[in-house]
Amino acid sequence: CLTTLVESRTKEEWKSRTIYQLLTDRFARTDGSTDPCPDLSQYCGGTYRGIIANLDYIAGMGFDAIWISPVVENSPSGYHGYFMSNLYKLNPNFGTEEDFIDLIRECHRRDIWVMVDVVANHVTPVTTEGDYSKVTPFNDASYYHDYCQISPDDFTNNQTRVETCWLGTLPDLNQSIPFVRRTLINWIRNFVNAYKIDGIRIDTVPYVPKEFWAEFTSAAGIFAIGEVTEPRYEYQGGYQQAMDSVLNYMLYYRIVDIFAQGNSMTLLIDHFQNIKNNFADPSVLGNFVDNHDQPRLLSQVSDVNLWKNALILSVLSPGIPIVYAGGEQGFNGSNDPLNREPVWTSMDTTSDLYKFVATIVGLRKSEKTWLYQPEYPLYAGVCYCYTLGNLLVGITNYPIGGFGIKIDKHPFKAGDTVCNILAPTDTPECITVNKDLGLEFTFTKGFPKIFVVQSQILKILQEKIRSSHILS
């Protein structure tokens, strides 16, 4: 086990972190090779050593946490980590135990926290019905619920079926059986302590009763965020009773509505009110634009500016931002496995999107935006404007032509010169706030805007440099 003592990380501590999500198999190879993967449905060769060798790439965008895919041993097709075959062994495809330990140690040396994806709902599909002899330690049919298939209506009409039937062909563990419950809870406690994990992301949360998750996360003793995809605010919010947080799928659905389907940005007005009404602590929800389970936004729209606007919304809204690997290179994979592209084919630190991500992440840090509650909307329609601490944020889903707006409520005072931090350095965009506090500006071709007082820009740039500093 690790010799360096690492404190358990609480949800309060995680609020200041920004997470880079990656699939270990798809991020980087040990030998540094960059040739494409011939079959995205199988292992492609990413390793822990590959991650270690490219931590500079992650830190260069200012990220101070990573979320990696499940690490336990999987069946031969389980490159993603969700087909557990042996709970007590690490997946050898990603490297040795020493490699895994070195990854955590090197991340901690750089003050990058490590969140590991974990699965306690199911195991790998079996080739022969009822034969679990190759699944350790759940090697008997008595450890599983009897087969029945979950239907979409069950989430609304029959939660018991959601928790006792199967998700597709995945054998559903029965956590009411003492051996199963005790084994899973002891495992997560020992796993976290042995490897000094900083946080866990929990897969397939609604398929297991809340009381189990409460015990499971308590045993883990660190920040826990769960996956709940059912598109209802009250349903998702209910799981904060059992764990610290959930992935902010409700924000994700609004992002698709607005930026992929072109619906009015006024949808965000009701959205943020529903978040406030249904979640115990919105400040720790996991905000994201893309992930490994959903089509990337750029597979649904081709305009990169729409992705930039969506990224700002996810990073500069209440919650813990999560950016999925490849977004910073404009990856546009659609459904699984096409949205699980190898990042090693494009790790360009000079690309427009890489630098844009670094700017937005750096801005979150320099302004400590997690300490503020947004004030919104100042304007809603084809754009959405709000204040966040000392920032005036303006995003739009209208990528054609230009339009002007006037904002009368903002964090600035008359006579302040405010500048758009996202404007090109060779064509700065600065405005003086007039005596009636009016602030007028124009959106052009869907470019987002973030205004700050001119005197703050140097501080922001210094923080960006500090955040992306690479430890040697």
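In this text the structure is predicted, and so the values were computed from the model without any measurement.
Considering every non-hydrogen atom in both L251 and S314, the closest pair reads CD2-CA, 4.2 Å. The shortest non-hydrogen separation linking G81 to P70 is O-CB, 3.1 Å. In terms of heavy-atom proximity, Y386 sits nearest to L313 at OH-CA, 4.4 Å. When all heavy atoms are compared, the tightest approach of R232 to M250 is N-SD, 3.6 Å.
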Exercise for review: Using the ring pair (Phe, Tyr, Trp, His ring centres under 6.0 Å) rule, take F272 and Y376 through it: C-alpha gap first, then chi angles, then the decisive distance, then the call.
Suggested key: CA-CA 9 Å; F272 284 114; Y376 41 56; 4.5 Å; yes
Practice item. Begin from the C-alpha positions of I150 and Y207 and carry the test side-chain contact (heavy atoms from CB on, under 4.5 Å) through to its verdict. Key: CA-CA 9 Å; I150 298 169; Y207 306 93; 3.4 Å; yes
Practice item. Start with the C-alpha distance between F94 and F100, add both sets of side-chain angles, then the distance that settles ring pair (Phe, Tyr, Trp, His ring centres under 6.0 Å), and finish with yes or no. Key: CA-CA 8 Å; F94 305 146; F100 182 51; 9.7 Å; no
Practice item. Would you check, one step at a time, whether the test side-chain hydrogen bond (donor to acceptor under 3.5 Å, both in side chains) holds for N277 with Q273? Key: CA-CA 6 Å; N277 292 345; Q273 188 59 51; 3.0 Å; yes
Point to revise | Candidate pair H292 and Y82, rule side-chain hydrogen bond (donor to acceptor under 3.5 Å, both in side chains), full reasoning | key: CA-CA 12 Å; H292 62 300; Y82 302 106; 2.9 Å; yes
Check your understanding: Should Y143 and Y132 be marked as a ring pair (Phe, Tyr, Trp, His ring centres under 6.0 Å) after you check the CA-CA gap, both sets of side-chain angles, and the distance that decides it?
Key -> CA-CA 10 Å; Y143 298 139; Y132 299 99; 9.0 Å; no
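We find the SG-CD distance between C165 and Q149 to be 8.0 Å, quoted to the nearest 0.5 Å. The OG1 atom of T18 sits 10.0 Å away from the CD1 atom of I322 when rounded to the nearest 0.5 Å. The line from CD of E13 to CD1 of I222 is 11.5 Å long, rounded to the nearest 0.5 Å. Note that CD of Q329 and CG of L353 are 7.5 Å apart. Values are rounded to the nearest 0.5 Å. In this structure, CG on L90 lies 11.5 Å from CD on E98, to the nearest 0.5 angstrom. A distance of 4.0 Å separates CG of N291 from OH of Y249, quoted to the nearest 0.5 Å.
Counting heavy atoms from C-beta outward, I225 and M243 have side chains that stay 4.5 Å or more apart. Considering only heavy atoms from C-beta on, N91 stays 4.5 Å or farther from V72 through its side chain. Side-chain contact between V208 and T204 is absent, with no heavy atoms from C-beta onward closer than 4.5 Å. Side-chain contact between W307 and V301: absent, with no pair of heavy atoms (C-beta onward) separated by less than 4.5 Å. Residues I275 and L285 have side chains in contact (heavy-atom distance under 4.5 Å, counting atoms from C-beta outward).
D348 has no carboxylate O lying under 4.0 Å from a charged side-chain N of K355, or vice versa, which leaves the two without a salt bridge. A salt bridge does not link E97 to K89: none of the charged side-chain nitrogens sits closer than 4.0 Å to a carboxylate oxygen. Using a 4.0 Å cut-off between a side-chain N of Lys or Arg and a carboxylate O of Asp or Glu, R49 and D31 do not qualify as a salt bridge. Taking a cutoff of 4.0 Å between a charged side-chain nitrogen and a carboxylate oxygen, D102 and R109 do not qualify as a salt bridge.
No more than 12 heavy atoms of other residues, nucleotides or ligands lie within 6.0 Å of CG in D146, so this atom counts as exposed by the packing criterion.
With hydrogens and angles ignored, the 3.5 Å screen pairs no side-chain donor or acceptor of D244 with any backbone N or O of Q240. The closest donor-acceptor contact from the side chain of W113 to the backbone of H108 lies at 3.5 Å or more, if one exists at all. The main-chain N or O of M115 is never found under 3.5 Å from a side-chain atom of D198 such that the two would form a donor-acceptor pair. Side-chain atoms of Q236 come within 3.5 Å of backbone N or O of E230 as a donor-acceptor pair. For N139 (side chain) and V135 (main-chain N/O), no donor-acceptor pair under 3.5 Å exists by modelled atom type.
Taking the six-membered ring where the residue is Trp, F179 and F138 present perpendicular rings, their angle passing 60° and hence far from 30°.
Between the side chains of D153 and S151, no donor N or O sits under 3.5 Å from an acceptor N or O. Looking at N248 and N287, their side chains do bring a donor and an acceptor atom within 3.5 Å of each other. For the residue pair N54 and W344, no side-chain donor N or O sits within less than 3.5 Å of a side-chain acceptor on the partner. In this model, a donor atom of one side chain and an acceptor atom of the other lie less than 3.5 Å apart for T47 and T30. Between Y235 and Q159, the side chains place a donor N or O and an acceptor N or O closer than 3.5 Å (distance only, hydrogens not considered). In summary, the side chains of E328 and Y20 do present a donor paired with an acceptor at a separation below 3.5 Å, with no hydrogens or angles considered. No donor-acceptor contact under 3.5 angstrom links the side chains of Y253 and H271, judged on distance only. Between the side chains of S299 and S334, no donor-acceptor pair is found at a separation under 3.5 Å. Using modelled atom types, one finds no donor on one side chain facing an acceptor on the other under 3.5 Å when comparing Y324 with D293.
Geometrically, K308 engages F356 in a cation-pi contact defined by less than 6.0 Å to the ring centre and at most 45° from the axis. A cation-pi contact, defined as under 6.0 Å to the ring centre and within 45° of the axis, links R26 to Y79.
If you look at Y354 and Y57, their ring centroids are closer than 6.0 Å.
Exactly one residue among E12, Q373, K15 makes a side chain to side chain donor-acceptor pair (under 3.5 Å) with S283. That residue is K15.
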